[in-house]
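Each remark here refers to the structure printed beneath this line.
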Amino acid sequence: MSVKPEDFFKNIISHSKEYGYIFQSSEIYDGLSAVYDYGQNGAELKKNIREYWWKAMVQLHDNIVGIDAAIFMHPTVWKASGHVDAFNDPLIDNKDSKKRYRADVLIEEHVAKIEDKIKKEVEKAAKRFENFDEAMFRSTNARVVEYQNKINEINNRFKTALNENNLAEVRQIIIDCEIVCPISGSRNWTDVRQFNLMFSTAMGSVSEEASTIYLRPETAQGIFVNYLNVQKTGRMKIPFGIAQTGKAFRNEIVARQFIFRMREFEQMEMQFFVKPGTENHWYDYWKENRLKWHLSLGLGKENYKYHDHLKLAHYAKAACDIEFQFPFGFKELEGIHSRSDFDLKQHEEHSGKKLQYFDVEENKSYVPYVVETSVGLDRLFLSILSAAYKEELLENGETRVVLSLPPALAPTKVAIFPLVKKDGLPELAEKIVSKLKFDFNVAYDEKDTVGKRYRRQDAIGTPYCITVDHQSLEDNCVTIRNRDTMQQERINIDALHAYLEDRVTLKSLLKQL
RNA sequence: GCGGAAGUAGCUCAAUUGGUAGAGCUCCAGCCUUCCAAGCUGGAGGUUGCGGGUUCGAGACCCGUCUUCCGCUCCA
């Protein structure tokens with residue numbers, strides 16, 4: 001590929017728009033930042049990816065079932081999950097170094113520094129005196145008392161400021177403490193801004209009755225709050241899983257890189273409930289199983305790798321990402337997390353309901369542990385699109401743009417052309433269309449030269465093109481042309497259905513798993 | 001959010017120091033009848049991202065705003 005990487009990514013974005021895959025949201029009104037719409041081809045591709053995931057998870061596993069929980073949930077759900085706190089950081093920028101910090105972290109670090117000073121005083125004194133009484137020293141030594149008062153004052157001010165949501169005061173604390181930026185060493189700070197990563201809206205028709213509810217930032221909680229419903233009504237035995245696909249919303253500070261990080265995105269998650277003590281086994285199982293699923297798409301083994309997390313989220317015991325080589329580098333595609341019993345325990349606490357499982361073999365109840373697989377549908381879409389997009393230089397010197405999508409996922413499976421627009425060829429082509437259209441997405445095109453029509457289908461990733469010629473009227477055969485190799489073979493019209501069935505259906509992918 | 005670059009037809013790009021917005025491809029109708037985008041004729045498509053200002057006159061200059069791309073953090 002002679003194209004520069006940054007141009008290559010730009011070309012993919014242009015191509016997506018030009019061929020009806022992805023449009024920017026509200027484009028005629030100048031667009032909306034980090035929100036995108038799927039066009040006529042994008043919607044088909046996305047639907048096919050979702051369906052492949054769903055079948056691989058739900059249909060092929062007899063112990064996994066799927067649900068579709070609402071986007072709106074009771075506000076307490078997000079208190080229990082930790083999102084209200086964890087997604088709520090006061091941020092401040094240093095104007096000189098252009099670095100961004102969490103205001104609370106800056107203050108906490110400052111307090112820690114003062115505590116260090118106290119510690120040093122204590123250590124010095126401990127060396128000087130025999131029979132050293134530390135508590136006595138701390139309460140009487142003038143310097144230490146002064147330090148301690150300072151710490152108390154800062155902490156009190158900070159706590160009050162946070163409770164009152166007084167961001168100006170948070171900034172004032174930073175200024176009063178003479179906190180400097182570690183990089184620039186300056187005190188040239190911006191205002192403190194609160195970034196709530198959850199979108200909120202109001203429920204209720206009358207404003208007094210209205211209560212704030214959130215648009216879910218992840219689909220997982222819809223599974224956890226329904227865990228008992230599904231387990232009981234489905235007579236599920238541990239280990240079992242609950243799968244779900246759906247929209248989630250995050251008010252990202254920096255949302256960028258096309259559809260990689262959007263404010264509204266779609267997740268495909270599966271929470272697997274296991275007996276405590278077996279979680280490591282299932283964690284390893286799903287790590288392997290999910291990579292296998294990705295590899296079945298045939299986009300190249302070298303484009304995937306695991307990335308084990310060293311720093312873990314508050315709920316996690318172990319976590320790893322499956323990363324994909326996007327045009328802008330290896331980035332997270334799917335996360336596999338060992339979430340322990342954190343979520344169900346939290347919901348037990350906040351709801352007051354028992355969310356346990358009675359294990360007949362063990363003859364006791366316990367809160368199951370959870371292993372989660374969570375993949376971003378839009379990221380998956382982008383990974384497939386960017387691996388499929390190719391600008392080829394042909395032997396005759398021409399270039400060809402082709403989307404080598406996995407045939408089972410392609411929006412249009414087959415295009416049917418009459419070689420010329422007369423002599424009864426269109427009629428025969430139409431006949432083939434009406435025969436195939438019940439089982440496959442088909443396209444019909446009679447405009448321009450056949451070569452041009454091939455290229456148009458290449459550009460949207462149609463895996464096969466069927467051409468009806470004069471000979472077809474005599475021998476009932478047509479040529480079928482392969483998108484990737486551009487090779488043609490002659491095949492009887494009656495054999496078309498079986499030919500396509502073997503090559504373009506989800507079944508062909510599912511069989512590999 | 002901060003800094004840098006950019007925004008002209010569906011796409012890629014022009015437009016002399018400020019003087020009537022163009023080309024190629026695409027698209028549509030027709031001719032031709034050809035198995036890999038290249039023939040012929042005609043046609044559609046733009047309040048130059050949006051709003052204001054300077055000017056006799058702005059695509060160009062100034063201010064604001066929106067959006068995209070590249071860096072700085074988190075995540076699916």
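Just so we're on the same page: letters track the sequence lines, and every chain starts at 1. Being a predicted model, the structure only gives us computed values, none of them experimental.
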query = Below 4.0 angstrom, N of the basic side chain to O of the carboxylate: do A:Asp448 and A:Arg453 qualify?
reply = no

query = For atom C1', what is the distance between B:A44 and B:C28, given to the nearest Å?
reply = 7 Å

ask   = Should B:G43 form a Watson-Crick or G-U wobble pair with both distances under 3.5 Å, which nucleotide is its partner?
value = B:C27

key: Rounded interatomic separation in angstrom, taking CZ from A:Phe9 and P from B:C69   = 7 Å

ask   = Of the nucleotides B:A76, B:G10, B:U33, which one has an atom closest to the side chain of A:Lys421?
value = B:U33

task = Identify the nucleotide, in any strand shown, that forms a Watson-Crick or G-U wobble pair with B:C72, with both distances under 3.5 Å; if there is none, say none.
result = B:G1

request  = Consider the side chain of A:Lys17, meaning its heavy atoms from C-beta on, and name the nucleotide among B:G10, B:C75, B:C35 that approaches it most closely.
outcome  = B:G10

inquiry  = Taking atom types as they are modelled, would you say the side chain of A:Arg379 forms a donor-acceptor pair with the base of B:C75 within the 3.5 Å cutoff?
reply    = yes

request  = Confirm from the modelled atom types if A:Asp458 and B:C36 form a donor-acceptor pair under 3.5 Å, side chain to base only.
outcome  = no

task = Choose from B:C27, B:A76, B:U12 the nucleotide whose nearest atom is closest to any side-chain atom of A:Arg456.
result = B:C27

Which nucleotide in B:C36, B:C35, B:A29 has an atom nearest any side-chain atom of A:Met486 = B:C36

request  = Among B:U68, B:C35, B:C69, find the nucleotide with the atom closest to the side chain of A:Gln488.
outcome  = B:C35

A:Tyr36 side chain, from C-beta outward: closest of B:C35, B:C69, B:A76 = B:C69

request  = Select one nucleotide: of B:U33, B:A29, B:A76, the one nearest the side-chain heavy atoms of A:Lys422.
outcome  = B:U33

ask   = Which one, B:C35, B:C11, B:A29, comes nearest to the side chain of A:Glu18?
value = B:C11

query = 5'-most contact on RNA chain B: A:Tyr19 or A:Val35, nearest heavy atom basis?
reply = A:Tyr19

query = Which of these nucleotides, B:A76, B:U33, B:C35, is closest to any side-chain atom of A:Val450?
reply = B:C35

message = So does A:Lys247 get a backbone contact from the side chain of A:Arg216, meaning a donor-acceptor N/O pair under 3.5 Å?
response = yes

request  = Sticking with atom P, work out how far B:A29 lies from B:A23, rounded to a whole angstrom.
outcome  = 22 Å

query = Would you say the side chain of A:Arg261 and the base of B:A76 hold a donor-acceptor pair, judged only by whether the two atoms sit under 3.5 Å apart?
reply = no

ask   = Is it true that A:His294 and A:Phe324 have ring centroids separated by less than 6.0 Å?
value = no

task = Using only heavy-atom distances, decide whether a donor-acceptor pair under 3.5 angstrom links the side-chain of A:Arg481 to the base of B:C36.
result = yes

message = So if I take every side-chain heavy atom of A:Ser14 and compare against B:C11, B:C35, B:A29, which nucleotide ends up nearest?
response = B:C11

